[in-house]
Amino acid sequence: MSSESKEDAVFKALANGKRRQMLDAIRDAPLTTGALCERFPEMDRCTVMQHLKVLEEAELIIPRREGRERWNHLNALPIQAIHDRWISQYAGHAMNVLSALQTDLEG
């Protein structure tokens with residue numbers, strides 16, 4: 001998979017609010033698929049599994065099987081890569097613009 005298609009998969013995964021909530025749920029500690037189903041009672045198990053599949057394809061979660069349980073671990077590296085590639089560059093530019101504006105206002 002090319003770098004661009006990996007980024008597309010991450011953006012697609014993060015575009016959905018429920019998937020972002022799922023990532024928030026496993027941020028501090030991994031959860032089983034059953035525990036995620038309990039946290040999102042408005043969705044049936046099949047829907048939860050579909051969301052987990054999108055997250056896994058974007059490499060945002062790493063599933064681990066332990067017996068009959070599937071533990072879903074957060075992998076924040078793709079989010080960090082998006083930050084490094086997109087957000088940090090534009091944040092630096094925005095800070096330069098704000099600094100120039102402040103200088104103009106003070107001068």
Side-chain angles (χ1 to χ4, degrees):
M1 185 180 286
S2 72
S3 174
E4 186 173 315
S5 60
K6 284 182 183 180
E7 286 181 355
D8 289 345
V10 174
F11 279 116
K12 175 187 173 186
L14 294 175
N16 183 279
K18 287 293 179 193
R19 289 194 284 267
R20 291 191 306 270
Q21 290 174 11
M22 292 172 124
L23 291 175
D24 287 341
I26 64 171
R27 179 180 47 227
D28 296 326
L31 292 173
T32 64
T33 300
L36 283 169
C37 289
E38 290 174 8
R39 288 197 182 206
F40 298 94
E42 69 279 7
M43 294 189 288
D44 61 27
R45 185 176 184 82
C46 183
T47 304
V48 170
M49 291 294 295
Q50 288 173 341
H51 283 300
L52 289 174
K53 182 179 181 196
V54 173
L55 292 170
E56 184 177 354
E57 287 172 352
E59 299 178 2
L60 290 167
I61 63 166
I62 300 170
R64 299 275 188 243
R65 286 217 169 266
E66 291 182 21
R68 295 183 63 196
E69 294 180 322
R70 173 188 152 123
W71 287 86
N72 300 286
H73 300 259
L74 174 66
N75 178 20
L77 292 177
I79 297 171
Q80 182 66 45
I82 293 293
H83 174 271
D84 293 347
R85 165 65 179 93
W86 292 96
I87 299 168
S88 63
Q89 290 180 14
Y90 293 102
H93 175 70
M95 291 306 295
N96 291 338
V97 169
L98 289 173
S99 178
L101 178 63
Q102 182 179 11
T103 302
D104 287 349
L105 291 173
E106 291 174 349

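Since the model is a prediction, treat every value here as computed from it, not as a measurement. Position 1 is the first residue of the sequence; numbering continues from there.
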- Note on the structure: Residues passing the salt bridge (Lys or Arg N to Asp or Glu O under 4.0 Å) test with Glu38, sequence neighbours excluded, are none
- Results of side chain to side chain donor-acceptor pair (under 3.5 Å) for Asp44 - residues two or more places apart only: Thr47
- Query: Between CG of Leu36 and CG of Leu31, what distance do you get to the nearest 0.5 Å?
  - Reply: 5.0 Å
- Query: Looking at NZ of Lys18 and CG of Asp24, how far apart are the two atoms once the value is rounded to the nearest 0.5 Å?
  - Reply: 11.5 Å
- Task: Go through the steps to decide whether Leu60 and Arg19 satisfy the test side-chain contact (heavy atoms from CB on, under 4.5 Å), and finish with yes or no.
- Result: CA-CA 10 Å; Leu60 290 167; Arg19 289 194 284 267; over 6 Å; no
- Indicate, with yes or no, if Phe40 and Trp71 share a hydrophobic cluster defined by side-chain heavy-atom contacts under 4.5 Å among Ile, Leu, Val, Met, Phe, Trp and Tyr. no
- Cationic N near anionic O, under 4.0 Å, Glu57 to Lys12: no
- Item | Rounded distance (nearest 0.5 Å) linking atom CD of Glu59 with atom CG of Asn75 | 7.0 Å
- What residues form a side chain to side chain donor-acceptor pair (under 3.5 Å) with Glu56, not counting sequence neighbours? Arg70
Mind listing the side-chain donor-acceptor pairs of residues 98-105 below 3.5 Å, one per line with the distance, residues two or more places apart or on another chain?
| residue | atom | partner | partner atom | Å |
| --- | --- | --- | --- | --- |
| Gln102 | NE2 | Glu106 | OE2 | 3.1 |
| Thr103 | OG1 | Ser99 | O | 2.9 |

- Please answer: with hydrophobic residues joined when any side-chain heavy atoms are less than 4.5 Å apart, are Met49 and Met43 in the same cluster? yes
- Show the numbers, then the answer: is there a side-chain contact (heavy atoms from CB on, under 4.5 Å) between Glu7 and Trp86? CA-CA 10 Å; Glu7 286 181 355; Trp86 292 96; 3.4 Å; yes
- Under the side-chain contact (heavy atoms from CB on, under 4.5 Å) rule, what do His73 and Ile26 come out as? Steps first, then yes or no, please. CA-CA 7 Å; His73 300 259; Ile26 64 171; over 6 Å; no
- Query: Which is it for Gln50 and Val48 under the side-chain contact (heavy atoms from CB on, under 4.5 Å) test, yes or no, and what are the steps along the way?
  - Reply: CA-CA 5 Å; Gln50 288 173 341; Val48 170; over 6 Å; no
- Message: Please report the interatomic distance CG(Leu74) to CG(Leu23), rounded to the nearest 0.5 Å.
- Response: 6.0 Å
- Message: Within the 3.5 Å criterion, strictly below it, is a donor on Thr33 or Asn72 matched to an acceptor on the partner's side chain?
- Response: yes
- Query: Got a sec, which residues hit side chain to side chain donor-acceptor pair (under 3.5 Å) with Glu66, two or more places apart in sequence or on another chain?
  - Reply: none
- Can you name the closest pair of heavy atoms from Ala58 and Ala13 and give their distance? CB-CB, 3.9 Å
- Please round to the nearest 0.5 Å and tell me the distance separating atom CE of Met22 and atom CG of Leu52. 4.5 Å
- Message: I need the minimum non-hydrogen distance between Arg20 and Leu14, along with the two atoms involved.
- Response: NH1-O, 2.6 Å
- Task: Go through the structure and list residues passing side chain to side chain donor-acceptor pair (under 3.5 Å) with Lys53, not counting sequence neighbours.
- Result: none
